[in-house]
Amino acid sequence: MVEKKIGTTADMYVEIKAKTRATNDSEVFNTANNYIKQLEIKCSDFNSQNSTVKYYNNALDNRKETKIINGELILTLNTNTNELITYVSNKSEFPKNTIDENTIKELANNIFQKVNVTDKNMYELTFIEKFDDEIWRAEFTKKYGDKYCAGESVKFSFAPESNEIVTLAINNIKYANNETKITEEQASNIAEKYLDKSSADNMTITKEIIRPNFFYKQLEGDSNIYANIEQYRNAYVFTFDNEAQSQVYIDCSTGEVLGGNMKLGGEY
């Protein structure tokens, strides 16, 4: 697992000054307006008179980002690829919803179909929920066999009554689809060492697509900030029977510990 340290929290997200960037603002406005049309968002055109363009180094996610901001909305693009990362409407009020849930699911699917992602037929609606009287939230996630990859997902909130997107976030993180080369027994032997250090007595095992992290470094007192791992992998996930539901991830191919989690917090 490749480790990339970030200096301080102030270094995680830093604006890039005009003299150090190489992006043409006019191209940015063209790209932004193309996304506005694609998503069928009602707003004035982005241009240099009514909008601001800012550039950032997102060290946490290891990418450069472009933000286009005006009174109506904010768009964030990947500076190198021009891919849309997020959209946020600046509207504060939307019409109260009167539409039934089945129709809302159809509207959510229509919004998803407008989003530019590859292998769209592999995505499934994995979450839809009422947020308040005006807004609902939905998530579509890419599925490989019987497993979902959270790194390839589209999350958005929308006002069903007016069919307006309120927020949108597109995750596009590579999935290694690594082979299973070690057995459950081999993985269990590795996980046992972590179980012994916990407040738990037993553990259960599942096989999931996870994003490696630095959970155990932090648990051991490492105060460094690390960039997020840019890849999801197949792993054995061991969940302990303690109150925190502590977890350890074991790589299915290598047996490497890929991090873990404390699902509920509390004592490890």
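Any value given below was found using the heavy atoms of this structure, including those in side chains, with hydrogens, waters and symmetry copies removed.
A distance-only check finds a donor-acceptor pair linking the side chain of Glu134 to the backbone of Phe94 [under 3.5 Å]. Between the Glu72 side chain and the Ser44 main chain, a donor and an acceptor come within less than 3.5 Å of each other. Listed for the Asp119 side chain is no donor-acceptor partner under 3.5 Å among the backbone atoms of Met122. Side-chain atoms of Thr126 come within 3.5 Å of backbone N or O of Glu139 as a donor-acceptor pair. With Lys120 contributing its side chain and Gln113 its backbone, the two residues share a donor-acceptor pair below 3.5 Å. Remark: side-chain polar atoms of Asp241 are paired, donor with acceptor, to backbone N or O of Asp201 under 3.5 angstrom. Between the side chain of Asn178 and the main chain of Asn234, a donor-acceptor pair closer than 3.5 Å is present. Put simply, the side chain of Thr141 never gets that close to the backbone of Ala150: no donor and acceptor are under 3.5 Å apart. Under a 3.5 Å cut-off, the side chain of Asn242 and the backbone N or O of Tyr268 do form a donor-acceptor pair. Counting only distance, with no hydrogens or angles, the side chain of Asn189 and the backbone of Gln186 share no donor-acceptor pair below 3.5 Å.
Of all heavy-atom pairs between Ser188 and Met203, the closest is O-CE, 3.8 Å. Taking each heavy atom of Lys67 and Thr76 in turn, the nearest pair found is NZ-OG1, 2.9 Å. Summarising the geometry of Ala235 relative to Ile210, their closest heavy-atom pair is CB-CG1, 3.6 Å, with the distance given to 0.1 Å. A pairwise comparison of heavy atoms in Gly259 and Phe215 identifies C-CB, 4.4 Å as the closest pair. Considering every non-hydrogen atom in both Asn50 and Asn70, the closest pair reads O-CB, 2.9 Å. Ala187 and Ile182 make their closest contact through CB-CD1, 4.1 Å (heavy atoms, listed as atom of the first residue, atom of the second, distance).
Contact annotation: the side chain of Lys181 never approaches that of Thr254 to less than 4.5 Å [non-hydrogen atoms, C-beta and beyond]. Side-chain contact between Val237 and Thr239 is present, with heavy atoms from C-beta onward closer than 4.5 Å. Side-chain contact between Asn97 and Ile104: present, with at least one pair of heavy atoms (C-beta onward) separated by less than 4.5 Å. A 4.5 Å side-chain heavy-atom check between Glu184 and Ile205 finds at least one atom pair inside the cut-off.
Note: Asn171 CG to Tyr232 OH = 7.0 Å, rounded to the nearest 0.5 Å. In this structure, CD1 in Ile36 is found 13.5 Å from NZ in Lys42, a value given to the nearest 0.5 Å. Distance check, rounded to the nearest 0.5 Å: OG1 of Thr66 to OH of Tyr55 gives 5.0 Å. Here the NZ-OG distance, from Lys193 to Ser198, works out to 15.0 Å after rounding to the nearest 0.5 Å. With rounding to the nearest 0.5 Å, the separation of CZ in Arg63 from CG in Asn78 is 6.5 Å. Note that CG of Leu219 and OG of Ser246 are 8.0 Å apart. Values are rounded to the nearest 0.5 Å.
Clustering ILVMFWY residues whenever any of their side-chain heavy atoms sit less than 4.5 angstrom apart, transitively, puts Leu39 in the very cluster that holds Ile68. Tracing side-chain contacts under 4.5 Å through hydrophobic residues (I, L, V, M, F, W, Y), one never reaches Val154 starting from Phe127; they form parts of separate clusters. Cluster membership for Phe238 and Tyr249, using ILVMFWY side-chain heavy atoms within less than 4.5 angstrom, is not shared. Follow the hydrophobic side-chain contacts under 4.5 Å out from Tyr87 and you reach Val117 in the same cluster. Phe46 and Leu84 end up in the same hydrophobic cluster when Ile, Leu, Val, Met, Phe, Trp and Tyr side chains are linked at under 4.5 Å.
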Margin query: Does Ile229 form a side-chain contact (heavy atoms from CB on, under 4.5 Å) with Asn213? I'd like the steps, not just the answer.
Written below: CA-CA 7 Å; Ile229 302 297; Asn213 60 45; over 6 Å; no
Notebook entry, point to check: Passes side-chain hydrogen bond (donor to acceptor under 3.5 Å, both in side chains), Glu179 versus Ser253? Steps please.
Noted result: CA-CA 6 Å; Glu179 296 179 35; Ser253 298; over 6 Å; no
Next item on the list: With side-chain contact (heavy atoms from CB on, under 4.5 Å) as the test, would you mind laying out the steps for Leu60 and Tyr13 before giving the verdict?
Entry: CA-CA 7 Å; Leu60 193 62; Tyr13 203 79; over 6 Å; no
Margin query: I'd like to know whether Phe214 forms a side-chain contact (heavy atoms from CB on, under 4.5 Å) with Met1, so could you lay out the CA-CA distance, the side-chain angles of the two residues, the decisive distance to 0.1 Å, and finally the verdict.
Written below: CA-CA 10 Å; Phe214 301 98; Met1 193 162 64; 4.0 Å; yes
Checklist line | Derivation of the side-chain contact (heavy atoms from CB on, under 4.5 Å) call for Glu101 and Lys130 | finding: CA-CA 9 Å; Glu101 186 168 346; Lys130 178 182 177 181; over 6 Å; no
Checklist line | Residues Asn224, Asp222; criterion side-chain hydrogen bond (donor to acceptor under 3.5 Å, both in side chains); working and verdict | finding: CA-CA 6 Å; Asn224 287 303; Asp222 187 339; 2.9 Å; yes
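Taking a 6.0 Å sphere around CZ of Phe131, one finds it holds 12 or fewer heavy atoms contributed by other residues, nucleotides or ligands. More than 12 heavy atoms of other shown residues, nucleotides or ligands fall within 6.0 angstrom of atom NZ in Lys147. The number of heavy-atom neighbours closer than 6.0 Å to CD of Glu243, taken from other residues, nucleotides and ligands shown, is 12 or below. The environment of Lys91 atom NZ is dense: over 12 non-hydrogen atoms of other residues, nucleotides or ligands sit within 6.0 angstrom. More than 12 non-hydrogen atoms from other residues, nucleotides or ligands lie less than 6.0 angstrom from NZ of Lys114. Counting heavy atoms of neighbouring residues, nucleotides and ligands inside a 6.0 Å radius, atom CD of Glu3 exceeds 12 of them. The neighbour count for Lys143 NZ, taken as heavy atoms of other residues, nucleotides or ligands under 6.0 Å away, is above 12.
Taking the centre of each ring, Tyr194 and Tyr216 come in below the 6.0 Å mark. When ring centroids are compared, Tyr144 and Tyr175 come within the 6.0 Å threshold.
Checked by atom type, the side-chain pair Glu230/Asn62 shows a donor-acceptor distance below 3.5 Å. Using modelled atom types and a 3.5 Å distance limit, the side chains of Lys207 and Thr180 yield a donor-acceptor pair. Counting only N and O atoms by type, the side chains of Thr31 and Asn34 include no donor and acceptor under 3.5 Å apart.
Under the side chain to side chain donor-acceptor pair (under 3.5 Å) rule, Glu65 has a single partner from Thr86, Thr79, Asn58, which is Asn58. Considering Tyr123, Tyr148, Phe112 in turn, Phe112 is the only one that fulfils the ring-ring contact (aromatic ring centres under 6.0 Å, His included) rule with Phe140.
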